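Below: one structure, written as structure tokens.
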Amino acid sequence: MMRTRPLKVALLGCGVVGSEVARIMTTHADDLAARIGAPVELAGVAVRRPSKVREGIDPALITTDATALVKRGDIDVVIEVIGGIEPARTLITTAFEHGASVVSANKALLAEDGATLYAAAEQHGRDLYFEAAVAGAIPLIRPLRESLAGDKVNRVLGIVNGTTNFILDKMDSSGAGYSEALDEATALGYAEADPTADVEGFDAAAKAAILAGIAFHTRVRLDDVYREGLTEVTAADMASARRMGCTVKLLAICERAADGQSVTARVHPAMIPLSHPLASVREAYNAVFVEAEAAGQLMFYGPGAGGSPTASAVLGDLVAVCRNKLAEATGPGESAYTQLPVSPMGDVVTRYHISLDVADKPGVLAQVATVFAEHGVSIDTVRQQGKDGEASLVVVTHRAPDAALSGTVEALRKLDTVRGVASIMRVEGE
């Protein structure tokens, strides 16, 4: 039997995602009520600019006082889509204190200080759900927190930023340079006016921190994630990847160490074989591989951003939280019992693709090979081309600690016969 008294929802933020959440709550009200077991009512919408016309939203619901809204006491669920650290953190913890559960899409806050939010939710017996914080509409957080809760996840590997995937896809398919591809992404609305968070890897790193924490049952913060952006990726790198039967993707990689005693989390461009499923992820789509001990390899694929996809994830969480409310229960909270340390990037075992500009004369290859040997790095393949006293030397290594590979590169720069290091890129997916 359906409860007639509605569950009241406060919405913090009414931009692209927030307005779509409000629209779906209104147009799908009957379906949502049937799925939850009670109607849901939008009780207030906190915004910065109240004068802006918001189609489909009763102006009487609009307020600029977000604090007063979450303190009302009759709010059952707060949906936070304003982003950033503050005032979002204070508003969320205040909502818990005043009896509301929270649905958030705030990846930056969860990666920076998720522990505070988890603790506040537990203290007050409330839910904290955040499916929309990672990979838009793709169900990923809940499978990790619930479906795979009885399994041991060893690796999470994926493309979690649509803007950067669009840029790299265009560079690969058209031969465009980074700047040209970024301009196209901006024109189509995939890239923000200031694309720094995307192209420098901050967005993906925040998502990697969240995924690693859930997958490995340990606390991983944004500062724990090694990060490289894609601004240094060139058309020449793309061409080199194609010659190897690879393409280049900005990957988020979270791994449990072989001995199970530590974890790593990193974001950086990498070459992956065209045979790998992630190589075929085009345009602004996201895809994530999860490797678990019993389940094996699982792949999650779909649109990773945008108003409608993100709103879909928010509404899915809203239904779950409202059901919990009616059942007087709460869903999963923080699971950080393993307390595993996060190893630095230097300890990570990777492969490198290194392109060198060298003098075209006898003995150069031997000198280069000696440097690799001295640093304990084994060479997989070498390709050399030379003309008019200059040459290019492309070396692909076997797997070795990243610190050893970095030391090798620094030593190569000191050789008189090495004119410069044209590019360095890690190789993954093999």
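Computed from a predicted structure; not experimentally measured. Each residue takes its place number in the sequence, starting with 1.
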Working to the nearest 0.5 Å, report the span between [atom1] of [X] and [atom2] of [Y].
| X | Y | atom1 | atom2 | result |
| --- | --- | --- | --- | --- |
| Leu157 | Glu255 | CG | CD | 8.0 Å |
| Glu200 | Leu250 | CD | CG | 10.0 Å |
| Leu140 | Ser147 | CG | OG | 10.5 Å |
| Gln384 | Leu393 | CD | CG | 5.0 Å |
| Arg35 | Leu315 | CZ | CG | 9.5 Å |
| Cys246 | Ile272 | SG | CD1 | 8.0 Å |

Modelled atom types, side-chain donor and acceptor of [X] and [Y], under 3.5 Å:
| X | Y | value |
| --- | --- | --- |
| Asn106 | Ser104 | no |
| Thr338 | His217 | no |
| His268 | Arg266 | yes |
| Thr116 | Asp113 | yes |
| Thr218 | Gln339 | no |
| Asp237 | Ser240 | no |
| Asp402 | Tyr352 | yes |
| Thr264 | Ser343 | no |

Kindly indicate whether the side chain of [X], heavy atoms from C-beta on, has any atom under 4.5 Å from the side chain of [Y].
| X | Y | value |
| --- | --- | --- |
| Arg419 | Val358 | no |
| Tyr301 | Asn286 | no |
| Lys249 | Glu428 | no |
| His353 | Arg426 | no |
| Tyr190 | Pro195 | no |
| Val288 | Met299 | no |
| Lys170 | Leu182 | no |
| Met425 | Val233 | yes |

Greater than 12 external heavy atoms within 6.0 Å of [X]'s [atom1]:
| X | atom1 | answer |
| --- | --- | --- |
| Arg49 | CZ | no |
| Tyr285 | OH | no |
| Glu86 | CD | yes |
| Arg383 | CZ | yes |
| Glu283 | CD | yes |
| Glu146 | CD | yes |

Is the backbone N or O of [Y] less than 3.5 Å from a side-chain atom of [X], with the two atoms forming a donor-acceptor pair by type?
| X | Y | result |
| --- | --- | --- |
| Arg227 | Ala205 | no |
| His276 | Leu278 | yes |
| Asp357 | Ser392 | no |
| Lys207 | Phe202 | no |
| Thr310 | Gly307 | no |
| Asn324 | Asp127 | no |
| Glu80 | Gly83 | yes |
| Asp203 | Asp198 | no |
| Asp151 | Ala294 | yes |
| Ser280 | Pro277 | yes |

Side chain to side chain contact (heavy atoms under 4.5 Å, CB included) assessment of Thr417 paired with Lys361: CA-CA 9 Å; Thr417 51; Lys361 62 182 184 180; 3.6 Å; yes
N-O pairing of Arg54 and Glu20 below 4.0 Å: no
Ion pair Glu334/Arg219, N-O distance below 4.0 Å: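 Yes, this pair counts.
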Steps toward side chain to side chain contact (heavy atoms under 4.5 Å, CB included) verdict (Val290, Leu148): CA-CA 10 Å; Val290 176; Leu148 295 173; 3.9 Å; yes
Side chain to side chain contact (heavy atoms under 4.5 Å, CB included) assessment of Ile57 paired with Ile62: CA-CA 8 Å; Ile57 298 178; Ile62 301 296; 4.0 Å; yes
Verdict with reasoning, Arg23 to Thr26, per side chain to side chain donor-acceptor pair (under 3.5 Å): CA-CA 5 Å; Arg23 185 192 69 79; Thr26 301; over 6 Å; no
Sequence neighbours excluded, every pair satisfying side chain to side chain donor-acceptor pair (under 3.5 Å) that has a member inside residues 171-182: Asp172-Arg242, Asp172-Thr247
Candidate pair Arg155 and Arg256, rule side chain to side chain contact (heavy atoms under 4.5 Å, CB included), full reasoning: CA-CA 6 Å; Arg155 195 170 193 239; Arg256 189 191 300 268; over 6 Å; no
Over all atoms of both residues, closest heavy-atom pair of Ala132 and Asp317: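 Scanning both residues completely, I find the closest heavy atoms to be N-OD2, 4.3 Å.
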